[in-house]
Number of protein chains: 4
Amino acid sequence: MSIKRPVKSSVPAETAGRRGRPRSSAARARVLHAARALVEAQGPAAVTIEAVAARAGVSKPTIYRTWPNAPAVVMAALMESAGTPEANTHRGSALAALRRQLREIAATFASRTGRSVTQMIASADADTELSKAFRHHFILARREEGRRMLAAAVANGELRREVDLDVTLDLLYGPIFFRILVGHAPADERFCDRLLDQLVKGVAAPKAKR
Amino acid sequence: MSIKRPVKSSVPAETAGRRGRPRSSAARARVLHAARALVEAQGPAAVTIEAVAARAGVSKPTIYRTWPNAPAVVMAALMESAGTPEANTHRGSALAALRRQLREIAATFASRTGRSVTQMIASADADTELSKAFRHHFILARREEGRRMLAAAVANGELRREVDLDVTLDLLYGPIFFRILVGHAPADERFCDRLLDQLVKGVAAPKAKR
Amino acid sequence: MSIKRPVKSSVPAETAGRRGRPRSSAARARVLHAARALVEAQGPAAVTIEAVAARAGVSKPTIYRTWPNAPAVVMAALMESAGTPEANTHRGSALAALRRQLREIAATFASRTGRSVTQMIASADADTELSKAFRHHFILARREEGRRMLAAAVANGELRREVDLDVTLDLLYGPIFFRILVGHAPADERFCDRLLDQLVKGVAAPKAKR
Amino acid sequence: MSIKRPVKSSVPAETAGRRGRPRSSAARARVLHAARALVEAQGPAAVTIEAVAARAGVSKPTIYRTWPNAPAVVMAALMESAGTPEANTHRGSALAALRRQLREIAATFASRTGRSVTQMIASADADTELSKAFRHHFILARREEGRRMLAAAVANGELRREVDLDVTLDLLYGPIFFRILVGHAPADERFCDRLLDQLVKGVAAPKAKR
DNA sequence: CGGTAAACGAGACGGTACGTCGTGTCTTTGA
DNA sequence: TCAAAGACACGACGTACCGTCTCGTTTACCG
């Protein structure tokens, strides 16, 4: 009988010489993997420290040593799972690139996990460092990318010079998250396209002075 | 075992043929008042059934008899506290009325309680009757009012006929909620104004035909 | 405060001068029947007022109008179900009659319901009128019948005159209930016979003067 | 869900190879002390887990970790409080020792706590390990001690050889518990004495053949 | 024979306790 | 040294019954 004790870490490699620490990074990975699995399967509310610890084969204090509470674990898991979106290659006009980005965002956030990200942002403490990093990772980083595209479009002559970029950016991303959050209508490609077109063109009647 | 429970509805509905002792409206009012006080003071997460029961001087089963869980109580409390916003009096142009509504919404949702409403919408079950009512009460009702104003503006000649109203509505309200949710910039009057102006005018450079 | 409630009695007592609607004897019967069914099926602990009311198709206040609490209902049900044991016909000697009674008692109390009776007696309040009636109905009435038989046996010359009847009675019935209560050995016919024989004969060695 | 729980035993069993933080013997002692105080003051029905937890300054889960329900706590408390009765020193005859034991039992069980023990035995589940241990601790252990005394008395020549010891034992202890349970007469020293004397001597009239 | 008083069903009420779960902290033991 | 196992105090969960209280409806009796 092979008394093979169940290997606790998928990377047993360097367990040899050290007494304590080499498990640490393996434990971290297992925790995040477990958290990700839970949030994908049952949403962020199901990610309790106990459930994560059980699923990861890790003790609760080990988790608390790294993260202060359950939402922090969820955020870390979501951030690690979602690799940074590839930089949008500028083929065609700046506005075309923006259109591609909008579609990508809508597709990403319409998923189960995307909903979870939105929920985490809504319910997060807003002040902690991690919350800020989370918001930046999922939202503001793309918004900055968008800002660069808008600036390119201005430079292009596609957009007016005096446009307020901050307002325009929120006019682009706000409606998508609004639909995802409220759910009254789908945030699909068609919506992204119309959104962008209508924003570019404006809604005023032609002769309207204002 | 497993006796079929009567359908719970927070609205007594048919008070007509009811047998038995009627529900105490005083108890209901005390529960909602307590829940409102808690959510205002400490946010929606602090609204536990135990806390509400203690504060309202009501037993837990009395609360569970009417609402299925804590979020439902919070929603009911928030909905009852926020009376329906007054119908926007149409003085001046339809767009001016819309501007006033945007400002009112931004002011409302920038408050402590407004944040709570946003959080509840983000984390709600999305499928229950109460969640739908909640979203309608706080968001979609105003959106429908907005639709009427936009239609008036089209009739006015202020807006183009072929504008997609659904998209335009989300372009109006989405950015406000986006700022409130993400918190990267204030959703104040100035923002509302610029938002509306830029949407009306479009961002395209003058000669750009499309 | 301290309003004197009308004395509740399970027996309608003076049906004479009563105003109003008389108590429904059908309801009473249904309650007792339901309680009996429950105690037989699941023991006395399962007889909750709610369960009885549901099973009997009767409202809780109707039960509380007649009995003060659940144990009282159980006692009433058990007392009504167990009709008074038939008077022991004196065929043969007084001791033979006693033997028959012991066997009958053992058989009765070894049943599911008999266990329940024992449990009720053990856990009852000891002071209430109903508890006393219950103990009398199930135990002391038979003990008095036993006393009559013992007296007859003394008169017969079967027993010594100076025997302490009270002690002898408890020597007869105590062991049976002891076995039923503790359950370390069966209280069957053989046991009843040996019990009686040994008590009659004594256990002392023949020459032992004391 | 439904994770296999480790077997609960009120006795830590193998303290040897246990991982994790060991159970707090201080907590255990405080729980049992609180339970004992409650049962002495208000009887076994007053021993709720909540009351014990509050009085002991211990959390409910800590209690449930060790005992499955309130009666189990009561039994453990009663068993621990009542140290094993001192072995009856055989001064004088075996029957004299037996008389002393009977008196001691009667005195013990006539107390408030003794009544509680009787009630616990009557209402216990009868099948659980703890119930058996409880009955053994309070009743059957003394019965076995009694058996040894009876055997000594037989060896002495005080009792007849052919006496059925099991029946005799129940003839000794049964009546005492019967009186305590039913309460129709006191189980005092005088009763114990008469009980023993009459059992030894028998009740038959001298010439009675049977 | 028409009031009226009481019992009826239904069921909500304020309570108490249940037994479970998750939190975040703490002690052990083992590697 | 530190990680696992797991006990700990705390506190909320949602449920079951308790015994009491309205309700609207029936059903006798008594004037």
Side-chain angles (χ1 to χ4, degrees), chain A residues 8-9 15 18-24 26-27 47-54 57-65 68-70, chain B residues 5-6 15 17-24 26-28 47-54 56-66 68-70, chain C residues 6 15-24 26-28 48-54 56-66 68-70, chain D residues 1 5-6 15-24 26-28 48-54 56-66 68-70:
Chain A
K8 280 311 190 65
S9 81
T15 328
R18 296 283 304 225
R19 297 271 293 233
R21 295 192 59 173
R23 310 277 297 239
S24 181
V47 185
T48 67
I49 296 291
E50 299 236 323
V52 172
V58 145
S59 72
K60 288 199 291 171
T62 295
I63 299 179
Y64 280 110
R65 221 168 279 126
N69 47 41
Chain B
R5 273 178 293 171
T15 332
R18 308 272 295 158
R19 306 283 298 262
R21 177 173 174 175
R23 299 232 171 125
S24 156
R28 180 194 167 82
V47 185
T48 66
I49 296 291
E50 299 236 326
V52 172
V58 145
S59 70
K60 285 200 292 171
T62 292
I63 300 179
Y64 281 111
R65 224 170 274 125
T66 302
N69 46 42
Chain C
T15 332
R18 308 275 293 161
R19 301 284 298 265
R21 177 175 175 176
R23 296 211 178 144
S24 156
R28 178 194 168 83
T48 67
I49 296 291
E50 300 235 324
V52 171
V58 144
S59 71
K60 287 200 291 171
T62 294
I63 299 179
Y64 280 110
R65 222 169 276 126
T66 303
N69 47 42
Chain D
M1 281 300 130
R5 273 176 294 170
T15 332
R18 309 271 295 158
R19 301 287 296 266
R21 179 174 175 175
R23 299 229 172 128
S24 156
R28 179 193 168 84
T48 66
I49 297 291
E50 300 234 323
V52 171
V58 145
S59 70
K60 285 200 291 172
T62 292
I63 300 179
Y64 280 111
R65 219 171 280 123
T66 303
N69 47 42

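Reminder, nothing fancy here: chain letters follow the sequence lines and each chain counts from 1.
- Between Arg65(A) and the phosphate of dC2(F), there is no side-chain N or O to OP1/OP2 separation shorter than 4.0 Å.
- Toward the 5′ end of DNA chain E lies the nearest nucleotide of Gly57(B), the other residue of the pair Gly57(B) and Thr48(A) mapping further downstream.
- The residue Thr62(C) sits close only to the backbone: its heavy atoms come under 4.0 Å of sugar-phosphate atoms, none of a base.
- Each of Ala51(C) and Val58(D) lies near DNA chain F, and the nucleotide nearest Val58(D) is the one positioned closer to the 5' end.
- Of the inter-residue distances, the one linking Thr66(B) atom OG1 with Arg23(B) atom CZ reads 4.0 Å to the nearest 0.5 angstrom.
- Checked against dG14(E), dG19(E), dC8(F), the side chain of Asn69(D) finds its nearest nucleotide in dG19(E).
- Taking both residues in full, the closest heavy atoms of Ile49(D) and Asn69(D) are given as CD1-C, 4.1 Å, listed atom of the first, atom of the second, then distance.
- The side chain to side chain contact (heavy atoms under 4.5 Å, CB included) check on Ala27(D) picks up Ser24(D), Val58(D), Thr62(D), with sequence neighbours excluded.
- As rounded to whole Å, 12 Å separates atom C1' of dA12(F) from atom CD of Glu50(D).
- Look at CZ on Arg28(C): it is 16 Å from C1' on dC8(E), rounded to the nearest Å.
- The distance from atom CD1 of Ile49(C) to atom P of dC17(F) is 12 Å, rounded to the nearest whole Å.
- Contacts of Pro68(A) classified as side chain to side chain contact (heavy atoms under 4.5 Å, CB included), with partners at least two apart in sequence or in another chain: Ala72(A).
- Between Ala27(C) and Ser59(B), the residue anchored closer to the 5' end of DNA chain E is Ala27(C), taking for each the nucleotide with the nearest heavy atom.
- Listed pair Arg23(B) / dG11(E) fails the phosphate criterion, with no side-chain N or O lying under 4.0 Å from OP1 or OP2.
- We find that CD1 of Ile63(C) is positioned 15 Å from P of dA7(E), with the value rounded to whole Å.
- Closest non-hydrogen pair, Ala53(B) versus Ser59(B), comes out as CB-C, 4.3 Å.
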Each nucleotide N or O in nucleotides 25-28 of chain E that has a protein N or O under 3.5 Å away: list the pair and distance.
residue	atom	partner	partner atom	Å
dC26(E)	O2	Arg21(D)	NH1	3.0

